[in-house]
**Student:** 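Take this structure first; my questions come after.
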Amino acid sequence: MYMPIVRIGLNDILDARERRVERRRKLLERFNLPLICFTMNIAGEVKNDPLIRLAFQFGLGELKAHQPVYLKTYDEPTGLEAYLVFQTETSRQKEIAEGIEEGLPIGRLFDMDVFSPEGEKVERISPRTCIICGEPAAACARSRAHGLEAVQNKTQKILEDFATDFLANAVVEALKAEVRVTPKPGLVDENNNGAHDDLSMELFDESANCLRPYFSEAVRLGLKETAAPKALLETGRRAEEAMLAVTGGVNTHKGANYSFLLLLFAIGCALRDGQSDPFQTVSEVACAIEKPLGTHGALVFARYGEKGVVGEARCGLPNAKWAGELLKTLPPELVLLHLISKTRDTNVLYRGGMEAQTWLQSEARRIIELRDGTQTKAIVELDRACISRGISPGGCADLLALGLFLDIIRDFTTFL
């Protein structure tokens, strides 16, 4: 979704302040309870863009965790605003707000004002510090000690650091969540190691953790560059080397690493320019990158014409997007079955050929049509059969992980 970057002036800011005062007044009259007004502390003419939105939605999630009885948000060029009413004491709300502002690096850009039922703003226990020098912020602001450009540059760095960490952590969370989906046919889960003698849940966790810095790097490349296939290829190469070093040469996340690096780079581009479609960017970059040779996927393509993870990326991750949509209404183990039922998996083709692929898809479709109460048992039985046949739909598992990631970040972006 296109998000225009709007530059605002002093009159816009003054008008926004008046609107906030009126909104607070009405809510205090209506509820007679403590109120938090949450905005972002952003210097300069741009108060609302995708990076700011990502941080704001994260901060809002931190506040929502404390169960407000009322929540209202406003999305305006002058900035994002949230009003939250709580039944707990005003002092407790101030403690929560300051804990968020002071406890997180991105919290320095959060402005969580707390008002008593009587409408009095609760002052901070300790003054906020300057993001440039660490001295009291009020004094630096009065003296204009550092200049607007320095403050804007520091603000941008805080926002970018948050985005890279947040998105990389979300990928690791999704990868770990996928491996824990149980039951899964032929795949590592909490019941067993599937059709794999060399894989385990612990090994997948170690692999995901070691890839975290490379996921961050992919986001940062997108934030800084409009097109960087060579740089992204180098990141992917180093990520794969790190994975193999941690796993002792076992391929845990090779396909997922390829897909996630492309998607994270594309999301970085969208956060930077506010208008590019990440899935279109994935397609363009994947087409610009030379197709790998000598892989299992390349062998399957030569034999069956199935493009696998590369083809999925060059088409803009359609099945990953589909998985993300299915997760809105279905549990992940059933989403995996839907993916298996309609996706030709290169791992299955490599291990068992077309006969195994046709059999597994037929079984997935059969289980999808069963009554809810019998599906889990049927998946467990399919898991035993896959283990016996030595087949494992790892490509579909990667698509599920991508879907889980999209589901995690859905509320934080404007382009999903």
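Just so you know, residue 1 is the first one in the sequence shown, and it goes up from there.
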**Student:** Do Asn257 and Phe215 come within less than 4.5 Å of each other through their side chains, counting heavy atoms only?
**Tutor:**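 In contact.
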**Student:** Can you find a pair of side-chain heavy atoms, one from Leu232 and one from Leu262, that are under 4.5 Å apart?
**Tutor:**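 Contact flag for Leu232/Leu262 side chains = yes.
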**Student:** Using a 3.5 Å distance criterion without hydrogens, assess whether the side chain of Asp113 forms a donor-acceptor pair with backbone atoms of Cys37.
**Tutor:**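 No; judged by distance alone, with no hydrogens or angles, the pair does not exist.
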**Student:** For the residue pair Glu81 and Arg20, what are the closest heavy atoms and their distance?
**Tutor:**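 Of all heavy-atom pairs spanning Glu81 and Arg20, the closest is OE1-CG, 3.3 Å.
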**Student:** Could you report the tightest heavy-atom contact between Ser207 and Thr247, atom names first, then the distance?
**Tutor:**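 That closest heavy-atom pairing would be CB-CG2, 4.0 Å.
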**Student:** Test of understanding: with side chain to side chain contact (heavy atoms under 4.5 Å, CB included), list the residues that count as partners of Glu45, not counting sequence neighbours.
**Tutor:**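 Scan of Glu45 (side chain to side chain contact (heavy atoms under 4.5 Å, CB included), adjacent residues dropped) gives Arg7.
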**Student:** Quick one: pull up CG in Leu334 and CG in Leu327 and give me the separation to the nearest 0.5 Å.
**Tutor:**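 Reported value, rounded in 0.5 Å steps: 10.5 Å.
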**Student:** Between Thr78 and Ile13, is there a donor-acceptor pair closer than 3.5 Å when you use the side chain of the first and the backbone of the second?
**Tutor:**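 No, the answer is negative, given that no donor and acceptor are paired below the 3.5 Å cut-off.
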**Student:** Can you see which heavy atom on Leu187 is nearest to which on Ala397, and at what distance?
**Tutor:**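 Scanning both residues, the minimum pair turns out to be CD1-CB, 4.0 Å.
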**Student:** Against the six-membered ring of Tyr74, is Arg23 placed for a cation-pi contact (under 6.0 Å from the centre, within 45° of the normal)?
**Tutor:**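 The answer is yes, since Arg23 meets both limits relative to Tyr74.
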**Student:** Hey, is the main chain of Thr182 close enough, under 3.5 Å, to the side chain of Glu333 for a donor-acceptor pair?
**Tutor:**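 No.
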**Student:** For the pair Leu175 and Phe204, evaluate side-chain contact (heavy atoms from CB on, under 4.5 Å) and give the outcome as yes or no after the intermediate values.
**Tutor:** CA-CA 8 Å; Leu175 289 171; Phe204 272 110; over 6 Å; no
**Student:** Can you see which heavy atom on Leu337 is nearest to which on Ala364, and at what distance?
**Tutor:**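 Shortest heavy-atom contact: O-CB, 3.6 Å.
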**Student:** Do any N or O atoms from the side chain of Arg24 and from the backbone of Gly119 form a donor-acceptor pair under 3.5 angstrom?
**Tutor:**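 Not confirmed, Arg24 side chain does not pair with Gly119 backbone.
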**Student:** Given Leu63 and Ile36, is the side-chain contact (heavy atoms from CB on, under 4.5 Å) satisfied, shown in steps?
**Tutor:** CA-CA 9 Å; Leu63 288 173; Ile36 292 181; 4.0 Å; yes
**Student:** Side chains of Asp49 and Ile52: closer than 4.5 Å at any heavy-atom pair?
**Tutor:**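 Of all side-chain heavy-atom pairs linking Ile52 with Asp49, at least one is under 4.5 Å.
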**Student:** For a quick check under 3.5 Å, do Asn319 and Glu312 share a side-chain donor-acceptor pair by atom type?
**Tutor:**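 Looking only at side-chain atoms, Glu312 and Asn319 do form a donor-acceptor pair, the distance falling under 3.5 Å.
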**Student:** Between Lys254 (side chain only) and Glu240 (backbone N and O only), is there a donor and an acceptor less than 3.5 Å apart?
**Tutor:**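 Answer holds: no.
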**Student:** Should we count CD of Glu234 as having more than 12 external heavy atoms under 6.0 Å?
**Tutor:**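 Yes, because the 6.0 Å sphere around CD of Glu234 holds more than 12 heavy atoms from other groups.
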**Student:** Show your working on side-chain contact (heavy atoms from CB on, under 4.5 Å) between Glu217 and Leu261 and close with a plain yes or no.
**Tutor:** CA-CA 9 Å; Glu217 189 174 317; Leu261 289 179; over 6 Å; no
**Student:** Kindly indicate whether the side chain of Arg180, heavy atoms from C-beta on, has any atom under 4.5 Å from the side chain of Met201.
**Tutor:**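 Yes; the side chains approach each other to less than 4.5 Å.
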**Student:** Could you check if a side-chain atom of Val250 sits within less than 4.5 angstrom of a side-chain atom of Met243, using non-hydrogen atoms only?
**Tutor:**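 Counting from C-beta outward, Val250 and Met243 never come under 4.5 Å.
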**Student:** Can we say Glu76 and Arg19 salt-bridge, meaning some charged N sits less than 4.0 Å from an Asp/Glu carboxylate O?
**Tutor:**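 So Glu76 pairs with Arg19 through a salt bridge.
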**Student:** Say you draw a straight line from CG of Leu400 to CG of Asp407; how long is it, rounded to the nearest 0.5 Å?
**Tutor:**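 The CG atom of Leu400 sits 10.0 Å away from the CG atom of Asp407.
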**Student:** Are Arg220 and Asp161 close enough for a salt bridge, meaning some N to O gap below 4.0 Å?
**Tutor:**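 Salt bridge between Arg220 and Asp161, a charged N being under 4.0 Å from a carboxylate O: yes.
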**Student:** What verdict does the side-chain contact (heavy atoms from CB on, under 4.5 Å) test give for Leu223 and Leu51, after you've listed the backbone C-alpha separation in whole Å, the side-chain angles of each residue and the deciding distance to 0.1 Å?
**Tutor:** CA-CA 10 Å; Leu223 287 168; Leu51 267 177; 4.2 Å; yes
**Student:** Answer yes or no: is there an ion pair linking Glu363 with Arg366, defined by an N-O contact shorter than 4.0 Å?
**Tutor:**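 Result for this pair is yes, salt bridge flagged.
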**Student:** Given 3.5 Å as the limit, does a donor-acceptor pair link the side chain of Lys94 with the main chain of Val122, or not?
**Tutor:**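 Yes, the answer is positive, given that a donor and an acceptor are paired below the 3.5 Å cut-off.
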**Student:** Look up atom CG in Leu317 and atom CH2 in Trp322, then write down how far apart they are to the nearest 0.5 Å.
**Tutor:**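 The distance works out to 14.5 Å.
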**Student:** Does either side chain, that of Gln156 or that of Gln152, offer a donor lying less than 3.5 Å from an acceptor on the other one?
**Tutor:**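 No, because no side-chain N or O of Gln156 sits under 3.5 Å from a partner of the opposite role on Gln152.
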**Student:** Is any side-chain heavy atom of Asn48 closer than 4.5 Å to one of Pro77?
**Tutor:**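 Answer no - side chains too far apart.
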**Student:** Regarding Asn192 and Asp383, is there a side-chain donor-to-acceptor distance under 3.5 Å anywhere?
**Tutor:**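 Yes.
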**Student:** State whether the side chain of Arg365 and the backbone N or O of Ser341 hold a donor-acceptor pair below 3.5 Å, judged by distance alone.
**Tutor:**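 Such a contact is found between Arg365 side chain and Ser341 backbone.
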**Student:** Using modelled atom types and a 3.5 Å cut-off, is there a donor and acceptor pairing between side-chain atoms of Asp12 and backbone atoms of Gly9?
**Tutor:**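 A pair under 3.5 Å: yes.
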**Student:** Roughly how far, to the nearest 0.5 Å, is CG of Leu71 from CG of Leu60?
**Tutor:**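 Reported value, rounded in 0.5 Å steps: 5.5 Å.
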**Student:** Less than 4.5 Å apart, any side-chain heavy atom of Leu27 and any of Phe115?
**Tutor:**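 No, every pair of side-chain atoms sits at 4.5 Å or beyond.
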**Student:** Can you check whether Phe56 and Phe38 have ring centres sitting under 6.0 Å from each other?
**Tutor:**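 Centroid distance Phe56-Phe38: below 6.0 Å, so yes.
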**Student:** Which pair of heavy atoms, one from Ala55 and one from Met40, lies closest together, and at what distance?
**Tutor:**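 Scanning both residues, the minimum pair turns out to be CB-CE, 3.8 Å.
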**Student:** Measure across Cys396 and Asp345 and return the closest heavy-atom pair with its distance rounded to 0.1 Å.
**Tutor:**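 Minimum heavy-atom contact is N-OD2, 2.7 Å.
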**Student:** Could you tell me whether Asp189 and Lys184 have a side-chain N and a carboxylate O separated by less than 4.0 Å?
**Tutor:**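 Judged by the 4.0 Å cut-off on N to carboxylate O distance, Asp189 and Lys184 do not form a salt bridge.
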**Student:** Treating Thr235 as the side-chain partner and Ala231 as the backbone partner, does any N or O pair qualify as donor plus acceptor under 3.5 Å?
**Tutor:**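 Yes.
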**Student:** Would you say Arg25 has more than 12 foreign heavy atoms packed within less than 6.0 Å of its CZ?
**Tutor:**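 Counting other residues, nucleotides and ligands, CZ of Arg25 exceeds 12 neighbours.
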**Student:** Nearest 0.5 Å, please: how far is NE2 in His253 from CZ in Phe260?
**Tutor:**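 It is 8.5 Å, given to the nearest 0.5 Å.
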**Student:** Check this for me, if you would: do Arg410 and Glu325 make a salt bridge, where the nitrogen-to-carboxylate-oxygen distance has to be below 4.0 angstrom?
**Tutor:**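 Yes.
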**Student:** Counting heavy atoms not belonging to Gln87, are there more than 12 under 6.0 Å from its CD?
**Tutor:**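 Atom CD in Gln87 is not crowded, with 12 or fewer foreign heavy atoms closer than 6.0 Å.
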**Student:** Return yes when atom CD of Glu149 has more than 12 non-hydrogen atoms of other residues, nucleotides or ligands closer than 6.0 Å, and no otherwise.
**Tutor:**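 Result for CD/Glu149: open.
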**Student:** Is the backbone N or O of Thr129 less than 3.5 Å from a side-chain atom of Arg108, with the two atoms forming a donor-acceptor pair by type?
**Tutor:**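 Indeed, once roles are kept as given, a pair shorter than 3.5 Å links the two residues.
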**Student:** A side-chain contact here means heavy atoms from C-beta on lying under 4.5 Å apart; do Pro50 and Thr413 qualify?
**Tutor:**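 Counting from C-beta outward, Pro50 and Thr413 never come under 4.5 Å.
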**Student:** What distance separates Tyr258 OH from Leu263 CG, expressed to the nearest 0.5 Å?
**Tutor:**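 It comes to 12.0 Å.
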